[in-house]
Engineer: 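Sharing a structure here in structure tokens format.
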Protein chains: 2
Amino acid sequence: MASDHTRSAILAAAERLYADRGFGDVTLRDIVAEANVNLAAVNYHFGSKDELIAELFVTRSIQTNRERLNELRAAEDAGGGRAAIEDIMRALVGPTLRGCLGPDREGSTAARFMIRASIESVPPIRRIKNREVDHLRKFAAAMRRAMPGRDDTELYWGLHFALAMAHHTIREKERLLRLSEGKCDLDDVRAIIDRVVTVSVMALTIGDMPSKPAARPVLVHGRLTRQDL
Amino acid sequence: MASDHTRSAILAAAERLYADRGFGDVTLRDIVAEANVNLAAVNYHFGSKDELIAELFVTRSIQTNRERLNELRAAEDAGGGRAAIEDIMRALVGPTLRGCLGPDREGSTAARFMIRASIESVPPIRRIKNREVDHLRKFAAAMRRAMPGRDDTELYWGLHFALAMAHHTIREKERLLRLSEGKCDLDDVRAIIDRVVTVSVMALTIGDMPSKPAARPVLVHGRLTRQDL
DNA sequence: GATAGTTTCATACAAATGTTTGAAATGCAA
DNA sequence: TTGCATTTCAAACATTTGTATGAAACTATC
């Protein structure tokens with residue numbers, strides 16, 4: 001392989017276009033035009049369109065996962081093998097949130113691509129995401145060490161909710177901004193991470209929930225009108 | 001209009017197929033084959049494929065929003081115009097979670113369709129979702145009445161996190177099930193709603209930590225009661 | 001500098017897909 | 001029935017799209 005020029009030009013162009021316009025709207029012809037390479041180059045270098053997308057996503061996922069594990073290990077080392085639960089949750093959601101939010105990141109193609117991958121779920125990306133469970137298990141294990149004796153179920157729910165808040169904030173940041181009329185500062189990533197971590201740790205403390213009164217009966221539907229939406 | 005037969009056959013077939021196989025994999029030809037109608041019927045009755053999808057999604061969204069507002073109003077009436085924050089959050093996430101989770105709902109085409117719409121974000125659906133802000137504002141207003149004096153920002157974040165947990169649970173229920181090796185019971189919808197509501201209400205309390213330290217939620221392992229909030 | 005292996009290129013292919021068309025069928029009112 | 005509007009139908013259209021092909025250009029090794 002003399003030079004990676006074509007290959008990396010395709011990767012860069014594809015990531016930029018996918019980030020900006022989404023997977024559904026970008027064709028291979030768009031990508032090769034942006035990269036100034038021949039149409040056949042994609043299949044030559046990557047095999048297929050799906051493998052190109054997969055390579056993009058895997059690369060970025062590995063980066064995020066590595067950052068997460070680095071933070072986790074640092075926290076565990078600092079705590080003599082057992083990290084504080086706050087730091088574990090911070091290691092879980094911090095890298096993703098830092099990567100996808102913040103004013104300076106607005107121009108980051110990688111971040112915008114990952115947001116897009118989070119919003120539009122296409123088959124090659126879904127296949128990869130399904131393998132993410134092994135990675136999350138490492139965090140579940142760390143949480144178990146940090147909160148020994150706690151029911152595993154609670155751990156999983158806490159981890160799940162932490163990811164929920166982080167990902168939903170990335171996915172729906174525009175809506176939150178509009179809903180709050182700009183009052184929610186989505187550029188202050190530090191504060192957002194703190195907020196998510198705080199709530200996540202809180203969620204982990206509700207061990208045995210009191211049974212609540214039964215949910216109210218579902219009310220009858222009337223005729224649907226457009227105004228209801 | 002003599003009979004809605006063809007029209008509703010298309011709607012039913014489309015919803016079922018989209019729910020089962022996703023938007024990307026289902027073509028108009030699949031739909032008309034399932035509905036036993038002619039291919040041109042879709043364009044005749046709906047104008048275009050996107051308008052068909054939009055109609056499906058709008059109908060189901062209206063139902064959910066209606067249920068939400070009914071629950072909210074019921075809670076406000078029961079509280080003499082001011083609903084408890086728990087009930088507001090319950091009205092927000094309850095209908096969606098009840099609609100999309102639970103063992104009996106496994107066969108519900110409507111629920112599976114909405115899950116699919118939540119996972120695969122396709123252009124016509126995204127356009128409709130963008131109009132959802134007005135609906136959420138009604139909940140923000142109710143929350144403001146329930147927690148007067150609280151900073152609006154905190155309200156929005158709490159509302160945002162509640163939706164985050166609800167939607168993420170629907171979107172990623174398979175992963176949570178696999179991660180927890182079946183330990184997290186995703187069929188016990190009541191418990192899930194309670195959990196989401198509890199954490200959401202907790203999240204709403206982190207705003208007044210500096211000014212009202214006494215009002216902080218109890219972080220010990222015991223039960224969380226109303227006065228703790 | 002000839003040769004073998006690699007990469008690029010223009011072009012073609014094949015399949016899928018949403019949409020349109022114009023005629024036939026159907027329903028309904030006068 | 002007759003006439004008019006609505007609905008259905010088979011067929012074709014027009015693109016778009018990912019992929020394959022085979023020759024040409026290039027590179028590196030001998």
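All chains are named by letter (A, B, ...) in the order of the sequence lines, taking the proteins before the strands, and each is independently numbered beginning at 1.
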Engineer: Can you tell me how far C1' of C:dT6 sits from CG of A:Asp4, to the nearest Å?
Structural biologist: 13 Å
Engineer: Without decimals, in angstroms, what is the distance between A:Ile53 CD1 and D:dG18 P?
Structural biologist: 9 Å
Engineer: Provide a list of protein-nucleic acid N or O atom pairs under 3.5 angstrom, restricted to nucleotides 16-20 of chain C.
Structural biologist:
unit_1 : atom_1 : unit_2  : atom_2 : d
C:dG18 : OP1    : B:Lys49 : NZ     : 2.8
C:dG18 : OP2    : B:Leu28 : N      : 3.0
C:dG18 : N7     : B:Arg29 : NH1    : 3.0
C:dG18 : O6     : B:Arg29 : NH2    : 2.9
C:dT19 : OP2    : B:Asn43 : OD1    : 3.3
C:dT19 : OP2    : B:Lys49 : N      : 2.9

Engineer: In whole Å, what is the span from the CZ atom of A:Phe23 to the C1' atom of D:dG18?
Structural biologist: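 Distance check: A:Phe23 CZ to D:dG18 C1' gives 17 Å.
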Engineer: Answer yes if the ring centres of B:Tyr156 and B:Phe161 are under 6.0 angstrom apart, and no otherwise.
Structural biologist: no
Engineer: Counting only side-chain nitrogens and oxygens, does B:His5 get under 4.0 Å of the OP1 or OP2 atom of D:dT8?
Structural biologist: no
Engineer: Taking all non-hydrogen atoms of both residues into account, name the closest pair between B:Lys173 and B:Leu186 and its distance.
Structural biologist: O-CD1, 3.2 Å
Engineer: Whole-Å distance between D:dA20 P and A:Phe46 CZ?
Structural biologist: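 Atom CZ in A:Phe46 sits about 16 Å away from atom P in D:dA20.
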Engineer: Can you check whether B:Thr6 has a side-chain N or O nearer than 4.0 Å to OP1 or OP2 of D:dT8?
Structural biologist: yes
Engineer: Can you list everything that forms a side-chain contact (heavy atoms from CB on, under 4.5 Å) with B:Arg137? Sequence neighbours excluded, please.
Structural biologist: A:Leu179, A:Glu181, B:Val133, B:Asp134
Engineer: Do A:Thr169 and B:His160 have a side chain donor and acceptor closer than 3.5 Å?
Structural biologist: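 Side-chain D/A pair, A:Thr169 to B:His160: present.
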Engineer: Where the side chain of A:Arg116 meets the backbone of A:Asp20, is there a donor-acceptor pair that is under 3.5 Å apart?
Structural biologist: yes
Engineer: Would you kindly say whether A:Arg66 and A:Gln63 are connected by a side-chain donor-acceptor distance under 3.5 Å?
Structural biologist: no
